[in-house]
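Everything below concerns the one structure shown next.
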Amino acid sequence: MNTDPKGGASALTEKQRWLAAAGLAWLCSLAQALDVLDPVVRAQAQGIEDMAFAVLLAIFFHWALGLPARRKDGWLAAALGGFLGLCALAGDSLATSDSLAFLYSGPVCFLKALVRWLGWAVLLYFGLRAVFAGLDRLALPHLGAAGGPGWLRRAGPKTVLCSLGLLLACWLPYYIGLFPGASNTDTWWQLEQAVGLRALNAGHPPAHTYLQSGLLLAGKNLLGSWNAGVFLAVLAQSLAMALILAYSVHVLIRLEAPPLAAGGALALYALVPTFPRAATLLMKDGLYAAGVLLLTLLVLEALLLPADFKAHRYKKALLCMGVLLTAAMRYNGPALVLGVLVFGGAGLWRAMGERRAWLGLAACLVLPLAVGYGLNAGLRALPGVEPANPNETLSIPLQQTARYVRDFGDEVTDAEREAIDRVVQYGALADTYDPNLADPVKSYINRAEATGADRQAYLKVWAAQTLRRPVSALEAFVNLNYGWLYPGVQNPCWSYSPVGDNAYVTRPAALDTLEHLLDKLDYAFLLPVLSWPENLGLAAWGLLALGAWLAARGVK
């Protein structure tokens, strides 16, 4: 008998548990075997691996059916499991056909989608119940009090220093193998602005371009090479990220996380390749990510540890820095800070209590927000700074238009075609469209001579086409974003490569061997289970599961 601490009870005999477990395992196996694209209700052939997986599922369900039946756990796990099951179902459809056709292509497909969703929902329901049970065990008092070094049991300066040292030691091979730093297309564009091969452009926030250019020039002038400048910029960015990650371990311990949880977070930062590769990637997202994390940590401290936050002035300075980096390093940063003010303002007000403390906190949020936004606005207005591509603000509408032209080109009128062609090259639109990436349409085939009036006329055409084919518009939008909630998408860090092999930044050939070795070692994180920390969709699922557990326990 499993007693519900809220008063309920579940009584299943051993035989009943095994029968129920076998039935649930069969449902989940059937759901996974249904072919997404086949218009007939047909299951794929089952191999030995599939049969072994079904047996493992039955064993798991048998164990999960014996978990304590807390009523609130059940409701939260059912709601979140149903939502994540829908995300997985939509992701399966988009991954195989870049559309949601599996959900609306007739009664047979709808029936298969329903069964597949039920299979996902059941598996996720019991998976979440298991996660809740594991978190309950992790939070037991004896696990929080015993084991682990002193700096993981008591928060203090030593916690930050030891965490930082461990991170830098584990990241050292990436500093060497990717020397002078990692790059992508945006890196080269900004580097050419810094060395004078390209005019300054507001496509990236000028605050970041000027900051990065200053570090590059300092390294070049002080140490005599662009290599040194690139490495100096990478070092400044990665040290900022490492320090903030180390500080997050300190905050976890202050929030009474057990050493096992704090140490697990530190191991994640130190060993999963996403962190060192992103920290050594020379582009605006590195400092932006550092700012967002710092802002998050300090807002959490202000909400959950208000007395400690008010007692230490340096925390207000750190909050200012987090807001400034968030607001200045990306154009969408100010919106994120405004979101904190809108959704967290009431909680912060209650946490601060005193009028004077609240005014100080408001200054830490509002003033750096204004400075960060104003800095980019002022730098964009300087003589010689080219304006950003206006189509950046039309990213989603242009994707939706490109999909519409690809799939329903015969419905486009001559007037609509002319309006679209004044903004982007209509003839190349369908072939250029990439469902998963907006850059080709908004940047590669744009009309540089397009005016504001042209874009306004285009938006009227876009609105009419969206109303005409709303499902197509939805699919174009979801294709760009579903990876954040679908575990089937790979982490983009694998596409980064070292800066080098040009007239101003060189790279010792001997380092190529180490880089190839790093790549081979990192392939381990493509294996089952080991790949989970690299998976953006699964990381989002984990955060939602943690939030549901905290809500079920009524704790902060």
Side-chain angles (χ1 to χ4, degrees), residues 135 138-141 143-145 150-164 240-241 243-259 261-263 265-266 269 289-327 333-372 543-544 546-556:
L135 290 171
L138 186 63
L140 288 175
L143 288 178
W151 55 273
L152 274 179
R153 286 186 279 114
R154 294 178 298 276
K158 193 174 180 181
T159 301
V160 177
L161 291 175
C162 290
S163 299
L164 176 64
M241 177 57 78
L243 269 168
I244 294 167
L245 290 172
Y247 184 70
S248 75
V249 177
H250 167 88
V251 173
L252 277 173
I253 298 170
R254 289 282 293 115
L255 294 173
E256 300 180 357
L266 183 57
Y269 306 151
V292 171
L293 179 56
L294 186 59
L295 170 62
T296 302
L297 290 169
L298 271 298
V299 169
L300 281 174
E301 286 196 274
L303 286 169
L304 305 181
L305 304 167
D308 183 68
F309 182 87
K310 287 188 285 187
H312 295 90
R313 291 184 178 180
Y314 76 88
K315 292 183 184 292
K316 297 180 180 64
L318 289 177
L319 179 58
C320 281
M321 181 59 68
V323 174
L324 184 61
L325 286 173
T326 302
L336 190 147
V337 179
L338 285 173
V340 171
L341 289 170
V342 171
F343 294 104
L348 290 169
W349 180 280
R350 289 192 298 269
M352 290 299 99
E354 304 169 14
R355 177 181 175 83
R356 185 176 176 184
W358 168 249
L359 289 174
L361 182 64
C364 291
L365 288 167
V366 177
L367 183 60
L369 169 62
V371 170
L543 287 173
L544 290 170
L546 179 61
W549 175 74
L550 292 170
R553 299 301 174 273
V555 296
K556 294 179 179 179

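We number each residue from 1, following the sequence as shown.
To the nearest 0.5 Å, atoms CG (Leu300) and OG1 (Thr296) are separated by 7.0 Å. Atom CG of residue Leu324 and atom SG of residue Cys364 lie 12.0 Å apart, to the nearest 0.5 angstrom. The line from NE2 of His250 to CG of Leu161 is 11.5 Å long, rounded to the nearest 0.5 Å. Rounded to the nearest 0.5 angstrom, Arg254 CZ and Asp308 CG are separated by 4.0 Å. Note: Leu295 CG to Leu325 CG = 10.0 Å, rounded to the nearest 0.5 Å. Distance CD1/Ile244 to CE/Met321: 9.0 Å, rounded to 0.5 Å.
Counting only N and O atoms by type, the side chains of Tyr269 and Ser248 include a donor and acceptor under 3.5 Å apart.
Counting heavy atoms from C-beta outward, Val251 and Leu305 have side chains that stay 4.5 Å or more apart. For the pair Leu365/Leu348, a side-chain contact is recorded, criterion being any heavy-atom separation below 4.5 Å from C-beta on. Side-chain contact between Leu164 and Leu245: absent, with no pair of heavy atoms (C-beta onward) separated by less than 4.5 Å. In this structure, the side chains of Leu369 and Leu341 come closer than 4.5 Å at one or more pairs of heavy atoms. No side-chain heavy atom of Leu367 sits under 4.5 Å from any side-chain heavy atom of Val323.
With hydrogens and angles ignored, the 3.5 Å screen pairs no side-chain donor or acceptor of Ser163 with any backbone N or O of Val160. A side-chain donor-acceptor contact under 3.5 Å links Thr159 to the backbone of Trp151.
Of all heavy-atom pairs spanning Ala363 and Pro368, the tightest one is O-CD, 3.1 Å. When all heavy atoms of Leu252 and Ala265 are compared, the closest pair comes out as CD1-CB, 3.8 Å. Of all the heavy atoms in Gly347 and Leu303, the pair that sits closest is C-CD2, 3.3 Å. The two atoms that bring Ala290 and Met241 nearest to each other are N-CE, 3.5 Å, heavy atoms only.
By the 30° and 60° cut-offs, the orientation of the rings of Tyr314 relative to His312 is perpendicular.
The ring pair (Phe, Tyr, Trp, His ring centres under 6.0 Å) test applied to Phe309 returns no partner, not counting sequence neighbours.
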